[in-house]
Visitor: 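Take this structure, written in structure tokens, and hold onto it; I'll ask about it next.
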Amino acid sequence: MREQINIIETLRLFLRHWWKIAISAVLGALLFFLVSAYAMTPVYTSRGSLYVNNSNTMASQNVTLSDLATSQQLAYTYIELLSSDTFMAQVLEYCQLPYTAAQVKGMLYMVPLNETEIIEIRATSYYPAHAQTVVDAVLKNAQDEIMRVIQAGNITVVDEATLPIEPSSPNVGRNTIIGFLLGAFLCMLVIFLIDFFDTRIKSEADISKIRQLPLLGVIPSIASVKMEGKKNEDSK
């Protein structure tokens with residue numbers, strides 16, 4: 001086991017085993033590609049958005065920064081209301097899909113878009129039409145729910161629910177790159193650990209490092225002597 005880690009020696013170690021690292025990286029990329037492309041079920045995401053207005057903004061044509069700030073705060077309040085179990089039950093009844101209210105809630109994600117008064121609504125599903133239907137149900141019923149609870153305020157549909165064509169996940173290209181890098185890293189880690197915990201003496205330099213004494217001489221092995229003798233005979 002080595003007591004110190006030398007960066008230059010470690011890089012040289014990796015260079016000596018570059019072909020192993022390359023093979024491991026390619027195998028990792030291939031594995032992640034096959035799993036992402038054929039083993040994982042594609043997930044589709046539909047998107048829509050709502051614009052939040054407060055009463056002061058609606059009553060005046062001159063919109064101030066205070067009005068916009070109030071609308072942004074209302075956006076968070078509206079998201080909580082639209083995430084309630086009561087509203088999820090209404091969405092499920094409107095959708096007429098084979099899910100429970102809890103499953104519909106798990107499909108939805110609502111957030112103020114870039115910290116503005118616009119609420120982005122997303123729904124994910126294995127079926128593109130189901131994701132679109134859930135988002136559409138939220139957009140269509142949001143105003144009535146806000147009026148029922150708060151009895152004030154106004155929201156406007158900015159973007160209708162989209163019908164996703166391409167899956168949002170898995171990202172095959174990104175996963176393939178991750179598999180490539182992970183395969184290379186794991187191979188480098190194994191090579192490093194094997195070399196780090198290797199206690200065998202492989203060269204004269206290893207003896208000098210361990211004993212910290214000058215090397216006076218080296219006794220050649222029988223194999224090296226035979227090889228040297230053979231070279232001399234061939235040269236004659």
Side-chain angles (χ1 to χ4, degrees), residues 1-47 106-107 109 111 113-114 120 122-132 162-236:
M1 176 177 175
R2 294 185 300 176
E3 295 181 356
Q4 296 181 349
I5 298 175
N6 188 299
I7 297 178
I8 302 299
E9 291 182 0
T10 303
L11 292 177
R12 290 174 179 172
L13 174 67
F14 292 152
L15 287 176
R16 290 198 301 269
H17 297 276
W18 67 267
W19 59 275
K20 297 179 182 179
I21 298 173
I23 293 175
S24 179
V26 172
L27 291 177
L30 180 61
L31 176 63
F32 273 59
F33 171 79
L34 293 176
V35 171
S36 300
Y38 300 104
M40 299 178 66
T41 304
V43 176
Y44 297 86
T45 302
S46 176
R47 290 176 170 84
M107 296 165 59
Y109 178 74
V111 63
L113 188 61
N114 297 324
E120 183 184 43
R122 283 177 273 172
T124 58
S125 175
Y126 296 126
Y127 306 98
H130 289 187
Q132 182 188 32
T162 59
L163 178 62
I165 299 175
E166 298 292 333
S168 56
S169 68
N171 190 322
V172 178
R174 181 186 62 190
N175 291 349
T176 301
I177 295 175
I178 293 175
F180 181 89
L181 297 176
L182 184 61
F185 172 77
L186 290 178
C187 183
M188 292 169 66
L189 180 62
V190 171
I191 291 173
F192 174 78
L193 292 177
I194 291 176
D195 182 76
F196 186 79
F197 290 101
D198 190 358
T199 58
R200 295 176 299 173
I201 297 176
K202 303 175 184 177
S203 64
E204 298 88 344
D206 292 340
I207 299 177
S208 299
K209 289 179 182 179
I210 295 174
R211 297 299 181 183
Q212 296 182 351
L213 295 172
L215 188 65
L216 300 178
V218 178
I219 301 175
S221 63
I222 297 177
S224 61
V225 172
K226 290 182 178 180
M227 289 294 297
E228 187 67 26
K230 185 177 181 181
K231 288 180 180 180
N232 294 332
E233 291 178 0
D234 293 340
S235 61
K236 294 179 180 179

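Owing to the predicted nature of the structure, the values given are computational and were not obtained by experimental measurement.
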Visitor: What distance do T124 atom OG1 and R47 atom CZ have between them, rounded to the nearest 0.5 Å?
Guide: 10.0 Å
Visitor: How long is the gap from CG on L189 to CD1 on I194, to the nearest 0.5 Å?
Guide: 10.0 Å
Visitor: With rounding to the nearest 0.5 angstrom, report the NE2 to CD1 distance, H17 to I23.
Guide: 13.0 Å
Visitor: Heavy-atom count check: over 12 atoms from other residues, nucleotides or ligands less than 6.0 Å from L11 CG?
Guide: yes
Visitor: Please report the interatomic distance OG1(T10) to CZ(F14), rounded to the nearest 0.5 Å.
Guide: 6.0 Å
Visitor: Taking atom CZ of F32 and atom CZ of R174, what is their separation to the nearest 0.5 Å?
Guide: 11.5 Å
Visitor: Is any side-chain heavy atom of V111 less than 4.5 Å from a side-chain heavy atom of R122?
Guide: yes
Visitor: Can any side-chain N or O of S46 pair as donor or acceptor with the backbone N or O of A123 at less than 3.5 Å?
Guide: no
Visitor: Go through it in stages, so that I can follow the logic: the residues are F33 and V172, the test is side-chain contact (heavy atoms from CB on, under 4.5 Å), and I'd like the CA-CA distance, side-chain angles, deciding distance and then a yes or no.
Guide: CA-CA 6 Å; F33 171 79; V172 178; 3.4 Å; yes
Visitor: Backbone N or O of K20 within a donor-acceptor pair of the S24 side chain at under 3.5 Å?
Guide: no
Visitor: Quick one: sort the F192 and F196 rings into parallel, tilted or perpendicular, breaks at 30° and 60°.
Guide: parallel
Visitor: Please name the pair of heavy atoms, one in P170 and one in T41, separated by the smallest distance, quoted to 0.1 Å.
Guide: CD-O, 4.1 Å
Visitor: Return the OH to OG1 distance between Y44 and T162, rounded to the nearest 0.5 Å.
Guide: 13.5 Å
Visitor: Do I21 and C187 have side chains that get closer than 4.5 Å, going by heavy atoms?
Guide: yes
